[in-house]
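Small disclaimer: the values here were computed from a predicted structure and weren't measured. All heavy atoms count here, side chains included; hydrogens, waters and symmetry mates do not. Quick note: residue numbers are just sequence positions, from 1.
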Amino acid sequence: LLNNSGLDLDFFVSHYWGHRFSKTLTSLNEIAHSDFNRLGKDGKQDMVFWICVFALNQHRVKDELGNSISDAPFSLALSAAAGGVIMVLDHSAVPLRRIWCLYEVQRAHELGQPLQFVTEEGKHGSGS
């Protein structure tokens with residue numbers, strides 16, 4: 001991780017890059033608004049989300065991931081997320097057809113992390 005002494009993480013975000021980013025932000029705002037109290041935050045502005053495109057150099061993925069996928073930064077972030085995993089869905093639920101997003105769901109399950117689904121309209125159930 002670029003900032004090993006960074007903020008404590010509230011949610012790991014699983015999404016697909018083809019989703020309009022403004023809609024992803026709207027979805028995350030819905031989670032921040034609904035969950036900040038539960039996570040002991042003063043307000044939604046205090047929520048911390050981990051999004052790989054901002055945390056890892058996407059042009060040096062091999063260097064970023066290291067030798068073991070279980071020790072990779074995304075896996076460490078996934079295990080450290082106090083609130084679990086948020087999967088941002090579009091109206092076609094494309095992330096559920098993306099192998100990497102499905103791997104993140106599997107990894108969350110292995111780590112015992114809760115999984116929530118969200119769209120720009122708000123939460124849509126959860127998985128375990």
Side-chain angles (χ1 to χ4, degrees):
L1 297 172
L2 294 177
N3 185 356
N4 289 328
S5 60
L7 300 170
D8 290 334
L9 177 60
D10 295 312
F11 288 107
F12 178 95
V13 178
S14 181
H15 68 104
Y16 97 103
W17 291 12
H19 192 233
R20 185 179 296 258
F21 191 66
S22 62
K23 292 184 177 193
T24 296
L25 290 179
T26 299
S27 300
L28 296 179
N29 191 52
E30 289 291 327
I31 291 293
H33 181 74
S34 67
D35 286 20
F36 76 89
N37 261 341
R38 179 176 68 84
L39 293 172
K41 302 292 181 159
D42 291 330
K44 67 180 186 175
Q45 71 280 356
D46 297 319
M47 298 292 285
V48 178
F49 296 93
W50 194 91
I51 303 173
C52 74
V53 72
F54 299 116
L56 301 176
N57 183 336
Q58 301 299 308
H59 300 286
R60 295 181 39 215
V61 173
K62 184 178 178 183
D63 295 334
E64 293 284 327
L65 292 181
N67 296 324
S68 167
I69 201 157
S70 63
D71 293 329
F74 84 91
S75 192
L76 298 174
L78 207 157
S79 66
V85 177
I86 299 298
M87 180 174 273
V88 178
L89 298 175
D90 60 355
H91 292 291
S92 300
V94 171
L96 295 174
R97 296 191 309 267
R98 307 286 299 183
I99 193 69
W100 190 257
C101 294
L102 293 175
Y103 176 76
E104 290 170 342
V105 169
Q106 174 62 31
R107 189 75 182 126
H109 175 73
E110 290 171 356
L111 294 169
Q113 286 285 43
L115 171 66
Q116 297 182 65
F117 300 101
V118 65
T119 67
E120 59 192 295
E121 288 86 27
K123 291 182 186 182
H124 292 279
S126 63
S128 299

Checklist entry - Which heavy atom in Ala77 sits nearest to a heavy atom in Leu9, and how many Å separate them? => result O-CD2, 3.1 Å
Checklist entry - Considering all heavy atoms of both residues, which atom of Asp35 and which atom of Phe11 are nearest to each other, and what is their separation? => result OD2-CZ, 3.4 Å
At what distance, to the nearest 0.5 angstrom, does [atom1] of [X] lie from [atom2] of [Y]?
{"X": "Leu102", "Y": "Arg97", "atom1": "CG", "atom2": "CZ", "result": "10.5 Å"}
{"X": "Met47", "Y": "Asn29", "atom1": "CE", "atom2": "CG", "result": "10.5 Å"}
{"X": "Leu115", "Y": "Ser14", "atom1": "CG", "atom2": "OG", "result": "8.0 Å"}
{"X": "Lys23", "Y": "Asp90", "atom1": "NZ", "atom2": "CG", "result": "8.5 Å"}
{"X": "Phe117", "Y": "Ile31", "atom1": "CZ", "atom2": "CD1", "result": "11.5 Å"}
{"X": "Gln106", "Y": "Leu111", "atom1": "CD", "atom2": "CG", "result": "10.0 Å"}

Is the backbone N or O of [Y] less than 3.5 Å from a side-chain atom of [X], with the two atoms forming a donor-acceptor pair by type?
{"X": "Ser92", "Y": "Val94", "answer": "no"}
{"X": "Gln116", "Y": "Met87", "answer": "no"}
{"X": "Gln113", "Y": "Leu78", "answer": "yes"}

Checklist entry - Is the shortest heavy-atom distance from the side chain of Val118 to the side chain of Leu89 under 4.5 Å? => result no
Next on the checklist: A side-chain contact here means heavy atoms from C-beta on lying under 4.5 Å apart; do Asp8 and Val48 qualify?
Outcome noted: no
Checklist entry - Does Tyr16 belong to the same Ile/Leu/Val/Met/Phe/Trp/Tyr cluster as Trp50, with side-chain heavy atoms less than 4.5 Å apart forming each link? => result no
Checklist entry - Salt bridge check: are Arg107 and Glu104 linked by an N-O gap of less than 4.0 Å? => result no
Item to check | Residue pair Val13, Val88: steps toward the side-chain contact (heavy atoms from CB on, under 4.5 Å) verdict | outcome: CA-CA 7 Å; Val13 178; Val88 178; 3.9 Å; yes
Item to check | Thr24 and His15: side chain donor to acceptor below 3.5 Å | outcome: no
Checklist entry - Quick check: are there more than 12 heavy atoms from other residues, nucleotides or ligands sitting under 6.0 Å from CZ of Arg20? => result no
Next on the checklist: Applying side-chain contact (heavy atoms from CB on, under 4.5 Å) to Thr119 and Thr26, what does each step give before you reach the verdict?
Outcome noted: CA-CA 8 Å; Thr119 67; Thr26 299; over 6 Å; no
